[in-house]
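Step one of this worksheet: look at the structure below.
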Amino acid sequence: MVKKIFKKNNSNTKIDALIEKYNIPRAHLSTNRRNVANALLIGVFFGMIPMPFQMVAVIAMVPFFRFNAPIAIGTVWISNPFTMPFIYYIEYLTGSFFLGTKVGTVELSIQWFSDNLKEIFVPLYVGAMFYAIVLSILTYFFINYLWIRSVQMEKKQNDNKRS
């Protein structure tokens with residue numbers, strides 16, 4: 001089933017020319033279980049960290065890890081301008097809980113954020129690291145589980161068709 005989703009279509013000559021021109025390794029574009037799971041692990045990790053240029057951070061990981069770069073870059077967008085305030089607020093609350101610090105009144109405005117950056121910086125990043133690590137690892141194992149289960153189900157369906 002998963003293979004059907006990512007099945008190889010007729011190759012696009014423009015994309016092939018781009019890949020060849022910039023010498024992009026095919027491994028960074030392949031859609032096997034390991035590359036997709038690694039891409040989601042890296043994408044979710046950087047997506048949960050409050051930092052500018054999250055996509056650039058993902059691209060910086062390309063030489064060191066083998067993963068599907070387009071999927072990782074797309075996954076970073078779980079923290080987009082609409083979801084950022086909610087994600088960062090939950091991370092701030094979690095970091096404050098872990099550190100035992102008092103949570104003051106929070107306003108979702110740039111002015112409040114810049115005025116209180118010194119007080120919220122450490123709790124925000126403690127919570128962000130917690131969620132980044134936990135959610136990226138859970139995503140990795142969940143995708144592996146779903147992929148393996150999908151392949152097993154497809155194999156079972158093919159065996160039933162032959163019988």
Side-chain angles (χ1 to χ4, degrees), residues 1-7 12 14-15 18-19 22 24-150:
M1 188 175 279
V2 174
K3 289 180 183 181
K4 289 179 185 176
I5 294 171
F6 292 115
K7 84 176 175 182
N12 186 331
K14 290 182 181 180
I15 293 174
L18 182 76
I19 290 170
Y22 292 105
I24 299 170
R26 293 267 181 198
H28 298 303
L29 301 172
S30 68
T31 52
N32 60 43
R33 178 180 54 89
R34 180 171 286 147
N35 284 1
V36 171
N38 288 343
L40 290 171
L41 179 126
I42 290 170
V44 168
F45 181 83
F46 283 110
M48 298 306 292
I49 304 292
M51 62 183 269
F53 306 111
Q54 293 168 320
M55 292 187 296
V56 174
V58 168
I59 291 171
M61 295 292 111
V62 168
F64 306 108
F65 299 101
R66 186 177 217 156
F67 62 92
N68 184 303
I71 291 175
I73 290 169
T75 306
V76 164
W77 279 92
I78 58 173
S79 62
N80 58 59
F82 298 110
T83 61
M84 267 186 221
F86 306 108
I87 291 172
Y88 296 164
Y89 179 67
I90 291 170
E91 290 175 346
Y92 169 64
L93 291 178
T94 304
S96 295
F97 173 76
F98 286 152
L99 296 173
T101 59
K102 184 180 176 195
V103 177
T105 305
V106 176
E107 296 176 22
L108 295 178
S109 69
I110 295 174
Q111 182 64 39
W112 179 89
F113 185 78
S114 62
D115 290 344
N116 296 297
L117 186 59
K118 290 180 183 175
E119 291 84 28
I120 66 170
F121 184 79
V122 172
L124 175 64
Y125 273 88
V126 167
M129 289 307 295
F130 170 75
Y131 283 111
I133 292 168
V134 169
L135 292 177
S136 62
I137 291 172
L138 286 175
T139 301
Y140 176 83
F141 285 115
F142 186 65
I143 292 302
N144 270 310
Y145 167 77
L146 288 178
W147 196 293
I148 291 168
R149 184 171 171 170
S150 173

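Keep in mind that the numbers below use all heavy atoms, side chains included, and drop hydrogens, waters and symmetry copies.
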Open item on the list: So does N32 get a backbone contact from the side chain of N35, meaning a donor-acceptor N/O pair under 3.5 Å?
Closed with: no

Task: Residue pair I120 / P123: nearest heavy atoms and the distance that separates them - done: O-CD, 3.4 Å

Open item on the list: Please determine whether side-chain contact (heavy atoms from CB on, under 4.5 Å) holds for the pair Y89 and L93, giving the CA-CA distance in whole Å, both sets of side-chain angles, and the decisive distance to 0.1 Å.
Closed with: CA-CA 6 Å; Y89 179 67; L93 291 178; 3.3 Å; yes

Task: Backbone N/O of I78 and side chain of T83: donor-acceptor pair under 3.5 Å - done: yes

TODO: Please name the pair of heavy atoms, one in A69 and one in V62, separated by the smallest distance, quoted to 0.1 Å.
DONE: CB-CG2, 4.2 Å

Task: Heavy-atom side-chain proximity of V126 to F130 below 4.5 angstrom - done: no

Open item on the list: Working note: I87 + Y131, criterion side-chain contact (heavy atoms from CB on, under 4.5 Å); need CA distance, chi angles, decisive distance, verdict.
Closed with: CA-CA 10 Å; I87 291 172; Y131 283 111; over 6 Å; no

Counting only pairs under 3.5 Å, give me each side-chain donor-acceptor contact of residues 37-61, with atom names and distances, residues two or more places apart or in other chains.
unit_1	atom_1	unit_2	atom_2	d
N38	ND2	R34	O	3.3
N38	ND2	R66	O	3.1
Q54	OE1	S79	OG	3.3
Q54	NE2	F46	O	3.0
Q54	NE2	I49	O	2.7
Q54	NE2	S79	OG	3.4

Open item on the list: Is it the case that the ring center of Y92 lies less than 6.0 angstrom away from the ring center of Y88?
Closed with: no

Task: Gap separating the NZ atom of K102 from the CD atom of E119, nearest 0.5 angstrom - done: 12.5 Å

- [ ] Nearest 0.5 Å please: distance from the CG atom of L99 over to the OG1 atom of T94.
- [x] 10.5 Å

TODO: Without swapping roles, check the side chain of T75 against the backbone of I71 for a donor-acceptor pair under 3.5 Å.
DONE: yes

Open item on the list: Which heavy atom of W77 sits nearest to which heavy atom of I73, and what is that distance?
Closed with: CD1-O, 3.5 Å

